[in-house]
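Not measured: the values here are computed from a predicted model. Just the heavy atoms: all of them, side chains too, but no hydrogens, waters or symmetry mates, feed the values below.
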Amino acid sequence: MSMGSKFKGCLIGSALGDSVEELAFKFQTEEKLRSKIENSERLRYTDDTTMAIGLAKSLIEKRYKRKG
């Protein structure tokens, strides 16, 4: 598995965890939470994921600028 795949997997896993955690505050039983997730077309992430995406973009840009 490439480092890029691992990196993407970490970001996706983090975003999914963030989205589910946000719903868990409102739907506090496992049954209600699972039902909400399964019946949602889209999950929404929070500012935590937005910041992680920004950091990832910055790291990628800095790496390529340094090499180029």
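Ion pairing of Lys57 with Glu61 is absent here, as no side-chain N (NZ or NE/NH1/NH2) approaches a carboxylate O to less than 4.0 Å.
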| task | Carefully, step by step, assess Arg63 and Leu59 under the rule side chain to side chain contact (heavy atoms under 4.5 Å, CB included). | result | CA-CA 6 Å; Arg63 178 178 172 208; Leu59 290 171; over 6 Å; no
| What do the steps show when you test Leu23 against Leu43 for side chain to side chain contact (heavy atoms under 4.5 Å, CB included), and what is the final call? | CA-CA 9 Å; Leu23 287 173; Leu43 296 175; 3.7 Å; yes
| message | Applying side chain to side chain contact (heavy atoms under 4.5 Å, CB included) to Lys6 and Met1, what does each step give before you reach the verdict? | response | CA-CA 7 Å; Lys6 290 178 182 180; Met1 180 179 293; 3.6 Å; yes
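Between the side chains of Asp18 and Ser14, no donor-acceptor pair is found at a separation under 3.5 Å.
Criterion: ILVMFWY side-chain heavy atoms under 4.5 Å apart, direct or through other members. Under it, Ile12 and Ile37 are part of a common hydrophobic cluster.
The CZ atom of Arg44 lies 13.5 Å from the OG1 atom of Thr49; values are rounded to the nearest 0.5 Å.
Applying the under-4.5 Å side-chain rule to Ile, Leu, Val, Met, Phe, Trp and Tyr, the cluster around Ile53 extends to Tyr45.
Leu11 approaches Ala52 most closely through the heavy-atom pair CD2-O, 4.4 Å. Among all heavy-atom pairs drawn from Lys36 and Phe27, the shortest one is CG-CE1, 3.6 Å.
By the 6.0 Å contact criterion, CE on Met51 is enclosed, its count of non-hydrogen atoms from other residues, nucleotides or ligands being greater than 12.
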